[in-house]
Amino acid sequence: FVTATKGGLESAEQYAQSKGISRLNDISEEASQRLFRGGSEKQGAVLNAIDTVANNISQLRNSSNPIISNISKLLGKNS
């Protein structure tokens with residue numbers, strides 16, 4: 001994920017520079033911030049995805065369908 005984000009940021013920076021705008025100082029740092037930033041509204045795509053999966057499993061545990069709730073309890077057993 002970091003490599004893909006770096007590539008996108010590098011392309012965006014090159015485009016901005018071609019228009020006479022300088023945007024970023026450290027592309028590696030910005031890529032890490034965008035992916036793994038914690039404790040804020042903009043916590044990052046990777047952490048958001050992990051949170052979404054964990055929250056969905058948690059919601060499925062309370063399903064009225066016993067098959068769904070039992071399978072979700074097995075999936076989320078280590079979390």
Side-chain angles (χ1 to χ4, degrees):
F1 292 114
V2 174
T3 303
T5 303
K6 278 185 194 176
L9 289 170
E10 288 170 353
S11 295
E13 182 66 19
Q14 289 172 356
Y15 177 77
Q17 286 178 353
S18 74
K19 301 294 182 184
I21 302 168
S22 181
R23 301 175 358 144
L24 302 173
N25 293 331
D26 186 3
I27 290 176
S28 295
E29 178 67 26
E30 178 68 18
S32 294
Q33 284 289 320
R34 287 184 182 212
L35 290 174
F36 301 111
R37 187 177 1 205
S40 71
E41 290 178 6
K42 300 177 183 178
Q43 76 176 3
V46 173
L47 291 177
N48 280 337
I50 292 169
D51 285 347
T52 299
V53 170
N55 289 335
N56 287 340
I57 289 173
S58 180
Q59 288 176 349
L60 291 173
R61 286 180 184 169
N62 298 322
S63 174
S64 60
N65 184 326
I67 296 170
I68 299 295
S69 66
N70 287 328
I71 290 173
S72 63
K73 287 174 186 174
L74 292 174
L75 290 174
K77 193 169 192 165
N78 294 328
S79 51

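- Counting side-chain heavy-atom gaps under 4.5 Å among Ile, Leu, Val, Met, Phe, Trp and Tyr, the cluster of Leu60 also holds Ile68.
- In the hydrophobic clustering of this structure, Ile67 groups with Ile57; members are Ile, Leu, Val, Met, Phe, Trp, Tyr whose side-chain heavy atoms approach within less than 4.5 Å, directly or through other members.
- Shortest non-hydrogen contact noted between Ser63 and Ser69 is O-CB, 3.7 Å.
- At a cut-off of 3.5 Å, with distance as the only test, no side-chain donor of Gln14 or Glu10 sits close to an acceptor on the other residue.
- The side-chain contact (heavy atoms from CB on, under 4.5 Å) check on Ser58 picks up nothing, with sequence neighbours excluded.
- Rounding to the nearest 0.5 angstrom, the gap separating the CZ atom in Arg61 from the CG atom in Leu74 is 10.0 Å.
- Expressed to the nearest 0.5 Å, how far NZ of Lys73 lies from CG of Asn62 amounts to 7.5 Å.
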